[in-house]
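Once you've had a glance at the structure underneath, I'll fire off some questions.
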Protein chains: 2
Amino acid sequence: MKLKSIMVAGIVDDIRRIFQVLTEQSRKIEHKTNLTGPQLWVIKILKEKSPMKVSDLARRMYLHPATMVGLLDRLEAKGLLKRTRSENDRRVVFIDLTVQGCELEINSPEVVQNLLVSGLENLTGQELKNISGGMEQVVAILGAKDIPPQLIMSAEINAPKRRRKIG
Amino acid sequence: MKLKSIMVAGIVDDIRRIFQVLTEQSRKIEHKTNLTGPQLWVIKILKEKSPMKVSDLARRMYLHPATMVGLLDRLEAKGLLKRTRSENDRRVVFIDLTVQGCELEINSPEVVQNLLVSGLENLTGQELKNISGGMEQVVAILGAKDIPPQLIMSAEINAPKRRRKIG
DNA sequence: CAATAATAATTTGTGTTGATAAAATATATG
DNA sequence: CATATATTTTATCAACACAAATTATTATTG
């Protein structure tokens, strides 16, 4: 049982390291693309699933709707996404990536991605199979969490998130 | 050979998913701790290695020294880190986490961490061994990159990084 | 059906943070 | 002494973040 907990700790630590490398890379990308963290974050979310309503995006990012509008304005000005008013409900606005925005997302993580790909390609099929299986289990663990954590997201959504106080 | 590339793609995709979950979590933490992304980023770097010189921190985060000073001011005001002027070279200032800053870092990633730990603990020893081996290989791939990428970081460091232009 | 309430997005107003340049200060090194 | 280095100060601006009010639309209810 001791060995097991050590292995778990090691895995968690590895994940943390991977995360740090990726975060650092992400940060470089922000510089390279002239996008800020939150902006890149919007793009990534849209890459996952789009179109999305403005309110859904705000919820997903834990932001006040007004903040979201500002972010969208800037990204739209850069031609990375476009707004489309819904036909069914003329109050809602759908957000979509433009071709340009899509390309950006495709290009941006290339650095790490290429590194990973070329590194992985040097491994044997069996090694890849092991890694793949392991990753899927980790994803399952995290993914399981991704669904139920704040289920229906009732009341407190976009509740006046406590203002950041300093000093 | 076809299967191999598919597996590689799958692994890369899994890593991307893990990264997204962790980023989202990180974002929640920012809200909870009343810290911003860059601020939390400083804490994490210091957790990895401290004390660090102001200039080293700036390099590490690709920030202008003046930006770094501002960040440090705010974190110092919150009592999360402290400055200490070097004895050898009275120009340099060392940055260290305070107890409070250390505790914050310890507490903050607990959410995902606990989730991961409890999830992993349900796996068998063999499964853990596989995952562990796989993770280490990924870390090795990324780690190999972490060292040589911009080796000595000569001239262009903190060069007047192009100002973000909009519209 | 008309008045009212609720919802979705935006506008307006205000403040903080992040980011840089340029200059200043202090110290070290040739 | 002159030059380089490490940090800080000053000044400036964009970006982020929120509250409160506004507009447009949909849903409810009397």
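Letters A, B, ... mirror the listed sequences (proteins, then strands); counts begin at 1.
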Quiz item: In whole angstrom, what separates A/K78's NZ from D/dA14's C1'?
Solution: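 To the nearest whole Å, that distance equals 10 Å.
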Self-check item: Candidates D/dT8, C/dA9, D/dC18 - which lies nearest the side chain of A/S55
Solution: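 Nearest to the side chain of A/S55 among the choices is C/dA9.
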Exercise. Rounded off to whole Å, could you give me the CH2-to-P distance for the B/W41 and C/dA19 pair?
Key: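 Distance, rounded to whole Å: 13 Å.
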Self-check item: Protein-nucleotide distance (A/L35, atom CG; D/dC16, atom C1'), rounded to Å
Solution: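 Distance, rounded to whole Å: 15 Å.
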Practice problem: Treat primed atoms plus P, OP1 and OP2 as sugar-phosphate and everything else as base, then score nucleotides 22-30 of chain C 5' to 3': B for base contact with protein heavy atoms under 4.0 Å, S for sugar-phosphate contact only, - for none. | Solution: ----BBS--
Quiz item: Could you give the CG-to-C1' distance, from A/L40 to D/dA15, as a whole number of Å?
Solution: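 Rounded to the whole Å, the gap is 15 Å.
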Quiz item: Just checking B/V69: base, sugar-phosphate only, or nothing, at a heavy-atom cut-off of under 4.0 Å?
Solution: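 If one applies the 4.0 Å heavy-atom cut-off, B/V69 turns out to touch a base.
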Quiz item: So which residues get pulled into B/F94's cluster when ILVMFWY side chains under 4.5 Å apart are joined, directly or through others?
Solution: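 Members alongside B/F94: B/V92.
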Exercise. May I have the distance from B/L57 (atom CG) to C/dA19 (atom C1'), rounded to whole angstrom?
Key: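 In whole Å, C/dA19 C1' and B/L57 CG are 16 Å from each other.
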Self-check item: salt_bridge(A/D56, A/K49) N-O dist < 4.0 Å
Solution: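 So A/D56 does not pair with A/K49 through a salt bridge.
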Self-check item: Residue whose closest nucleotide on DNA chain D lies nearer the 5' end, A/G37 versus B/F94
Solution: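 It is B/F94 whose nearest nucleotide is closer to the 5' end.
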Self-check item: A/R83/A/D73 ion pair, N-O < 4.0 Å
Solution: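 Yes.
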Self-check item: Atom pair distance, as rounded to whole Å: OH in A/Y62 and C1' in D/dC18
Solution: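 After rounding, the reported distance stands at 18 Å.
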Exercise. Tell me whether the OP1 or OP2 atom of C/dG18 has a side-chain N or O from A/T36 closer than 4.0 Å.
Key: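 It does not, given that no N or O in the side chain of A/T36 lies less than 4.0 Å from OP1 or OP2 of C/dG18.
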Quiz item: Is it true that B/M61 and B/I95 fall in one hydrophobic cluster, defined by side-chain heavy atoms closer than 4.5 Å?
Solution: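 Yes, B/M61 connects to B/I95 through the hydrophobic network.
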Exercise. Report the C-alpha distance between B/N34 and B/Q39 in whole Å, list the side-chain angles of each, state the deciding distance to 0.1 Å, and finish with yes or no for side-chain contact (heavy atoms from CB on, under 4.5 Å).
Key: CA-CA 10 Å; B/N34 265 336; B/Q39 286 172 10; over 6 Å; no
Practice problem: Using whole Å, report how far CE of B/M61 lies from P of C/dT17. | Solution: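 Going from CE in B/M61 over to P in C/dT17 covers 15 Å.
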Exercise. Check whether any side-chain heavy atom of B/L128 sits under 4.5 Å from a side-chain heavy atom of A/V8, and report yes or no.
Key: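 When only atoms from C-beta onward are counted, A/V8 and B/L128 do touch, with a gap below 4.5 Å.
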Practice problem: Considering just the side-chain nitrogens and oxygens of A/T67, establish if one lies under 4.0 Å of OP1 or OP2 belonging to D/dC16. | Solution: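 No, no such contact exists.
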Quiz item: Which nucleotide in the set D/dT8, C/dG18, D/dA15 lies at the smallest distance from any side-chain heavy atom of A/R74?
Solution: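 That would be D/dA15.
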Quiz prompt | Flag if over 12 foreign heavy atoms under 6.0 Å of NZ, B/K82 | solution =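 Buried by this count: over 12 neighbours within 6.0 Å.
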Practice problem: Using whole Å, report how far CG of A/D56 lies from P of C/dA8. | Solution: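 So the two atoms are 9 Å apart, to the nearest Å.
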